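What follows is a short report on a single structure.
Every number for a ligand or one of its atoms is a count from 1 in the order of the listing. Fair warning: this is a prediction, and the values are worked out from it, not measured in the lab. Hydrogens, waters and symmetry mates are skipped; everything else that's a heavy atom, side chains included, is used.
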Amino acid sequence: MKYEVVIGLEIHAQLKTESKIFCGCSTRFGASPNAQTCPVCLGMPGVLPVVNKKAVEYAMKAGIATNCRIVRDNRFARKNYFYPDLPMGYQITQFELPIAVEGYLDVPLSDGSLKRVGITRIHMENDAGKSSHDPYRPVSFVDLNRAGTPLIEIVSEPDMRSAEEAGAFMRQMHTLLQFMNVCDGNMEEGSLRCDANVSLRLKGAKEFGTRTEMKNLNSFRNIERAIHSEIRRQADILDDGGVIVQETRLWNADEGKSVSMRSKEDAHDYRYFPDPDLLPIIIDDEFYNRVKDSLPELPEAKKDRYMKVMGLSAADAAVLTSSPEIAAYFENCLTLMNKPKTVANWIMGSVLALVNVKGLSIAQSPVPEKALTELLELVESAVISGTMAKTVFEAMAETGKPARVIVDEKGLAQVSDTSEIEGIVDKILADNPKEVGEYRGGKTKLMGFFVGQIMRASKGKANPALVNDILVKKLEG
Ligand code: ADP
Ligand code: MG
Ligand code: ZN
């Protein structure tokens, strides 16, 4: 392709506060329509909004974690437009003085490199309600439960150069917001959503091309698909000598294509002005430091620690820090059994496979931390072999019983009694005189054959290390 792709994302994240941003109504999802409303979020005349301090705190956390400068004197503004799900006739958002500006995020790409994407700004605003339209009658409904839910909008610089980079940026942001516990990250329910701005320019050109904005991207896959589709659409137009119209487009995931929604409005169309009902938000050092100090260890730092202190591979560390639940599961295991590599292998190999098949989060794993480490202790103390442990793990997942109980019930304990193993070894050697002769004649590869026979005779229960010792002694002694 002769064009270079330019992408900037606008990400909306619903903050996980219990109440709305300017009133005390609950933000819980799934209540009956309009049950969670009051005069403030219904936009009645004469009411006064009051800022939710938690929302400010969460927005600051997002700003600090994305290396932004926190604007110590930031303000709310009114963005005026009419829509049935916006009863006030304006959205309360931030315009000239947003809470955070000039940050960046280092995004890991699939080739192992890091891509730095600039964050232009993060601002706070309220969400709108939800309209629905009756397909059989000429009626529409408005549910204002969501009206007034706190959002942050994270605006990136136009720094991404492919759909994959945009997808990776969104994934990184998703992980980061969840680690900070400021957003639940549920893209299907719309708690995290993004608009993608896409333009093309001839390779080497200095000026950006005209951009379009794609809305309604509610999964990582759809972000990438929609961008790919938009790149093709724009390239076709440009190839034919056409011009790109600056517009907002709506992605239709079922049909795999977008349609034009409206020509792009400019900021001045909204008649922004400072909201006279809300005081400026002044963030003093004490508040700033308290929020900064309350940030948990972030995924990149965690990943580094897993690699440098625990000696895990980059790939393993990336999986273990891909969600706060997985990292918590891993670290909980380590408090019970401090063997990072063993625990990591089991999480990656067995636990994640199990929860993925069942469609559960690792926090709901049928084999929780304590159960897993109890199983691994049995391997460490040679009660069962590593191979046997896989069988026991499956039984634990199915029955919920502790490892020890399954081992006892099924009689799976490893035989570490020397005389018992010696008996089996003697029998196998006596049954296979020809192979014994060949071994002693130099065909040492037959070792594997003997071990196999012995393990089979013991139904997999003979302690492999002891089998080896005894076998070598008998064959060579
Ligand atoms: P608006 O709020 O009107 O959409 P902004 O200036 O805030 O406008 O930009 C929105 C997004 O568009 C930002 O993420 C920015 O990086 C991105 N963007 C701006 N210009 C371009 C362009 N030419 N191509 C692709 N993305 C762009
Ligand atoms: Mg926009
Ligand atoms: Zn309310």
Side-chain angles (χ1 to χ4, degrees), residues 3-12 17-28 31 34-44 47-52 55 66 77 79 81 87-88 91-96 98 101-105 117-123 125-129 143-150 153-163 165-166 169-170 173 194-202 205-215 217 223 226-227 230-231 234 238 244-249 261-270 272:
Y3 304 108
E4 184 185 36
V5 179
V6 174
I7 303 164
L9 298 185
E10 293 164 89
I11 299 173
H12 283 94
T17 56
E18 285 179 21
S19 55
K20 295 186 181 179
I21 185 167
F22 298 121
C23 62
C25 293
S26 167
T27 53
R28 202 161 319 120
N34 299 306
Q36 295 173 172
T37 56
C38 74
V40 173
C41 54
L42 289 175
M44 296 292 170
V47 296
L48 281 178
V50 176
V51 181
N52 179 340
T66 51
K79 179 182 184 180
Y81 65 97
M88 290 186 291
Q91 182 185 29
I92 304 179
T93 178
Q94 298 193 296
F95 187 56
E96 282 139 324
V101 293
E102 298 158 9
Y104 64 85
L105 199 61
V117 176
I119 308 286
T120 315
R121 53 189 273 142
I122 299 179
H123 61 254
E125 58 193 23
N126 58 0
D127 206 346
D143 175 8
L144 294 172
N145 282 346
R146 203 181 62 184
T149 299
E153 178 173 344
I154 304 165
V155 181
S156 88
E157 290 288 305
D159 285 348
M160 288 156 276
R161 294 292 174 265
S162 67
E165 286 185 11
F169 176 76
M170 189 65 180
M173 196 59 85
C194 102
D195 304 337
N197 295 270
V198 180
S199 68
L200 300 184
R201 63 177 167 186
L202 282 173
K206 281 219 170 57
E207 299 288 315
F208 284 148
T210 303
R211 75 180 201 263
T212 60
E213 181 186 42
M214 186 93 67
K215 289 203 175 284
L217 307 175
I223 291 169
I227 292 173
E230 182 58 12
I231 292 169
Q234 290 189 15
L238 295 173
I244 306 300
V245 181
Q246 181 167 326
E247 63 184 353
T248 299
R249 301 182 65 85
M261 196 169 131
R262 56 170 184 248
S263 74
K264 175 88 183 121
E265 60 291 305
D266 285 313
H268 62 249
D269 295 330
Y270 289 117
Y272 281 97

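With the Zn ion (ligand 3) at the apex, C38 SG and C41 SG define an angle of roughly 120° (rounded to 10 degrees).
Of the N or O atoms in P158, one or more lie within a sub-3.5 Å distance of an N or O in ligand 1. Checking only distances, V198 never comes within under 3.5 Å of ligand 1, N or O to N or O.
Only the backbone of L9 comes within contact range of ligand 1, with a heavy atom under 4.0 Å; no side-chain atom does.
With hydrogens and angles ignored, the 3.5 Å screen pairs a side-chain donor or acceptor of T27 with a backbone N or O of E18. Between the side chain of R146 and the main chain of A128, a donor-acceptor pair closer than 3.5 Å is present.
Atoms of ligand 1 found under 4.0 Å from any heavy atom of V155, numbered from 1 in the order shown, are 13 (C), 14 (O).
Closest heavy-atom approach to atom 24 (N) of ligand 1 within the set G8, S199, A196: this belongs to S199. If you check each of R211, M160, R121 against atom 1 (P) of ligand 1, the one with the closest non-hydrogen atom is R211.
When all heavy atoms of E165 and D159 are compared, the closest pair comes out as OE1-O, 4.2 Å.
To the nearest 0.5 Å, atom CG of residue N145 and atom CD of residue Q36 are 5.0 Å apart.
By the 6.0 Å and 45° rule, K79 stacks over the aromatic ring of Y270.
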